[in-house]
Amino acid sequence: MSKTITLTGAAGAIGYAALFRIASGQLLGQNEKIKLKLLEIEPALQAAEGTAMELEDSAFPLLESIDITSDANEAFDGCDVGMLIGAQPRKQGMERADLLEANGAIFKPQGEAINSHADDDVRILVVGNPANTNALIAMSNAPDVPHDRFTSMTRLDENRAVSMLARKLSVSVEDVEDLVVWGNHSPTMFPDLFNAKVNGERAADQVDLDWYENEYMPRVGKRGAAVIEARGASSAASAANAAIDHVHDWALGAEGLHSMAVRSEGQYGIEEGLISSFPVRLHSGGGYEVVEGLEINDFARSKIDITVNELKEERDAVKELGLIG
Ligand code: NAD
Ligand code: LMR
């Protein structure tokens, strides 16, 4: 048996950084053969062919086949894992509503194609920005697929938050546990040091709260922009790495708490139906659950409310555009 992995935006920077690791077995383990289905827009099909040539030239034992197409119905046929990376980037002068509309034109038909053609067991990760709302659009257009199969990526934000905290406290990243980011993949996201632990002790007790609020939170939230400023392009290898962490742990399990943006069922007072980042536990046989009962103090509550309000505004905007019901 093998798994069919559909990757959109295959000719893009994240696609290039992810595909070789996926084909080498880092996504689903060394016992799973892989069929790749690569979705690109017409003008980028030739570049995707080039990537496919390099994948063939790598002679990966787990890689059974590579199909390249610009037809979403073909790309999602039999899909077990969908990594929705391709998206319309913000261009100069583009308003947020324009960006949401342009991405709606991508994620609505992809949701419909997933609904009609994917495997019953399909799992979807949305990476393309605005990731939470793009996942909401895809999910809303796939009514026959269980809601919990649609997720978007905040694992990169978690990885950034872990790394920055470890540096601050001069500890190893392995000493940091349960560091979860809440809300939207945007500068409003809330990295939660109250429930995180460093060497088994509450992280918030080991840092100055002024540093936490006024240095750490903005640095985590604006790291994507800082990378764009430095590289002249958005993060690619670290985003691919986080996407692989997300899917790997969803399929195979992981220790501790991690961040995944999933459909809210109303937990922690976050409005039902929004795709928000939550603390999740990833089970060893596959699957996840949102962990309930964590401490949310007034400070955390106010920060979570800000990022959730932003998600509501994005939801309302795409509703107005007729992209969701
Ligand atoms: P890129 O511009 O290098 O590649 C995007 C690719 O998507 C292009 O090859 C383009 O042709 C393709 N594409 C566009 N529309 C498509 C469609 N309808 N179907 C299939 N493919 C399509 O961009 P990148 O660096 O690979 O980034 C991809 C996305 O990921 C961007 O939206 C970026 O903002 C986002 N991103 C998200 C995170 C996160 O943490 N969630 C992190 C980094 C980047
Ligand atoms: C990131 O967090 O690196 C990206 O989401 C930034 C971007 O706008 O592509």
Side-chain angles (χ1 to χ4, degrees), residues 6-19 37-52 67-76 82-91 94 96 99-114 124-135 137-138 151-161 163-164 181 183-189 191 218-247 259-261 275-277:
T6 304
L7 188 141
T8 79
I14 298 175
Y16 193 76
L19 280 165
K37 291 192 173 232
L38 308 183
L39 181 67
E40 256 299 349
I41 53 172
E42 290 267 346
L45 284 176
Q46 196 186 335
E49 295 277 0
T51 302
D67 293 320
I68 303 168
T69 178
S70 58
D71 178 345
N73 292 321
E74 248 177 62
F76 287 106
M83 302 177 75
L84 279 53
I85 298 170
Q88 168 80 53
R90 191 193 287 269
K91 297 193 185 114
M94 215 177 192
R96 201 163 59 134
L99 185 71
L100 290 169
E101 188 166 17
N103 279 293
I106 295 173
F107 287 88
K108 187 172 190 289
Q110 289 185 2
E112 290 164 351
I114 290 164
I124 300 292
L125 164 65
V126 176
V127 174
N129 278 323
N132 299 53
T133 299
N134 287 339
I137 295 169
T151 67
S152 72
M153 189 164 96
T154 47
R155 186 64 172 264
L156 177 56
D157 309 306
E158 174 188 316
N159 288 345
R160 289 167 171 165
S163 180
M164 285 180 200
V181 169
N184 201 5
H185 172 66
S186 86
T188 63
M189 71 183 82
R219 274 187 61 215
V220 173
K222 294 181 186 160
R223 183 66 161 187
V227 171
I228 291 172
E229 172 92 25
R231 287 182 84 228
S234 71
S235 53
S238 59
N241 179 63
I244 288 168
D245 285 347
H246 178 118
V247 173
S259 316
M260 274 170 68
I275 302 267
S276 171
S277 187

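Counting from 1, the numbers follow the sequence of the chain as shown. Just so you know, ligand 1 is whichever comes first in the structure, and atom 1 is the first atom listed for that ligand.
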If you compare Asn129, Leu38, Leu156, Ile14 by their heavy atoms, the one closest to atom 34 (O) of ligand 1 turns out to be Asn129
One finds that the ligand 1 atoms under 4.0 Å from a non-hydrogen atom of Ile106 are 15 (N), 18 (N)
Is there a polar contact, in the sense of an N or O pair closer than 3.5 Å, between Asp157 and ligand 1?
no
Which residue supplies the protein heavy atom nearest to atom 5 (O) of ligand 2, what is that atom called, and how far is it?
His185 NE2, 2.6 Å
Side-chain heavy atoms of Pro191 within contact of Val181, under 4.5 Å
yes
Under a 3.5 Å distance rule, please check whether Asn132 uses its side chain to pair with a backbone N or O of Ile275 as donor and acceptor.
yes
If you look at every heavy atom in Ala72 and Gln110, which pair is closest and at what distance?
CB-CG, 4.5 Å
Nearest neighbour in protein (non-hydrogen) for atom 9 (O) of ligand 1
Glu40 OE2, 2.5 Å
How far does CG of Leu84 sit from CD1 of Ile106, to the nearest 0.5 angstrom?
10.0 Å
Is there side-chain contact between Ser152 and Asn134, with at least one heavy-atom pair below 4.5 Å?
no
Distance, nearest 0.5 Å, that separates CZ of Arg223 from CG of Asp157:
11.5 Å
For atom 14 (C) of ligand 1, what's the nearest protein heavy atom and its distance?
Ala87 O, 3.8 Å
Only heavy atoms of Arg160, strictly under 4.0 Å: list the atoms of ligand 2 that pass.
1 (C), 2 (O), 3 (O)
Report yes if some heavy atom in the side chain of Thr133 is under 4.5 Å from a heavy atom in the side chain of Phe107; otherwise report no.
no
Looking only at heavy atoms, what is the nearest atom pair of Ala75 and Thr6, with distance?
O-OG1, 2.8 Å
Quick test: of every protein heavy atom, which one is nearest to atom 21 (N) of ligand 1, and how far off is it to 0.1 Å?
Gly9 N, 3.3 Å
Can you tell me the protein heavy atom closest to atom 17 (C) of ligand 1 and the distance?
Ile41 CG2, 3.6 Å
Candidates Gly12, Gly86, Ala75; heavy atom nearest atom 4 (O) of ligand 1 found on Gly12
Suppose I only count heavy atoms of Asn129 and a 4.0 Å limit; which atoms of ligand 2 are within that range?
4 (C), 5 (O), 7 (C), 8 (O), 9 (O)
Report, in ascending order of atom number, the atoms of ligand 2 lying under 4.0 Å from any heavy atom of Ser235.
1 (C), 3 (O)
Proximity to ligand 1 by part of Met153, non-hydrogen separation under 4.0 Å:
both
Leu45 side, atom CG; Leu39 side, atom CG - distance, nearest 0.5 Å:
8.5 Å
Working to the nearest 0.5 angstrom, can you tell me the gap between Ser277 OG and Asn184 CG?
9.5 Å
Mark the output for Ala11 as yes if a heavy-atom distance to ligand 1 is under 4.0 Å, and as no if none is.
yes
Do the side chains of Met153 and Leu125 get nearer than 4.5 Å, heavy atoms only?
yes
Are Thr151 and His246 close enough that some pair of their side-chain heavy atoms sits under 4.5 Å apart?
yes
Within-cut-off N or O pair, Thr8 and ligand 1, under 3.5 Å:
no
From atom 11 (O) of ligand 1, is the closest protein heavy-atom distance below 4.0 Å?
yes
Point-to-point distance, once rounded to the nearest 0.5 Å, from CD1 of Ile228 to OG of Ser234
5.0 Å
Note: ligand 1 atoms sitting under 4.0 Å from heavy atoms of Ile85 are 28 (C), 29 (C), 30 (O)
What one should report as the nearest heavy-atom pair of Ser259 and Glu158 is N-OE1, 2.6 Å
Pro89 heavy atom under 4.0 Å from ligand 1
no
Which protein heavy atom lies closest to atom 19 (N) of ligand 1, and at what distance to 0.1 Å?
Gln110 NE2, 3.6 Å
Proximity to ligand 1 by part of Ser234, non-hydrogen separation under 4.0 Å:
side chain
Which residue owns the protein heavy atom closest to atom 40 (O) of ligand 1, what's the atom, and how far is it?
His185 CE1, 3.1 Å
Where ligand 2 meets Gly224 - atom numbers and elements under 4.0 angstrom, heavy-atom basis
1 (C), 2 (O), 3 (O)
What protein heavy atom sits nearest atom 3 (O) of ligand 1, and how far away is it?
Ala13 N, 2.9 Å
Can Gln88 be said to touch ligand 1, with heavy atoms closer than 4.0 Å?
no
Side-chain heavy atoms of Leu156 within contact of Ser235, under 4.5 Å
yes
For atom 41 (N) of ligand 1, what is the closest protein heavy atom, and at what distance to 0.1 Å?
Val127 O, 3.3 Å
Check this for me - ligand 1, Ala239, N or O atoms closer than 3.5 angstrom, yes or no?
no
State whether the shortest distance between N or O atoms of Ala131 and N or O atoms of ligand 1 falls below 3.5 angstrom.
no
Would you give the length of the straight line joining atom OG of Ser238 to atom CZ of Arg155, rounded to the nearest 0.5 angstrom?
13.0 Å
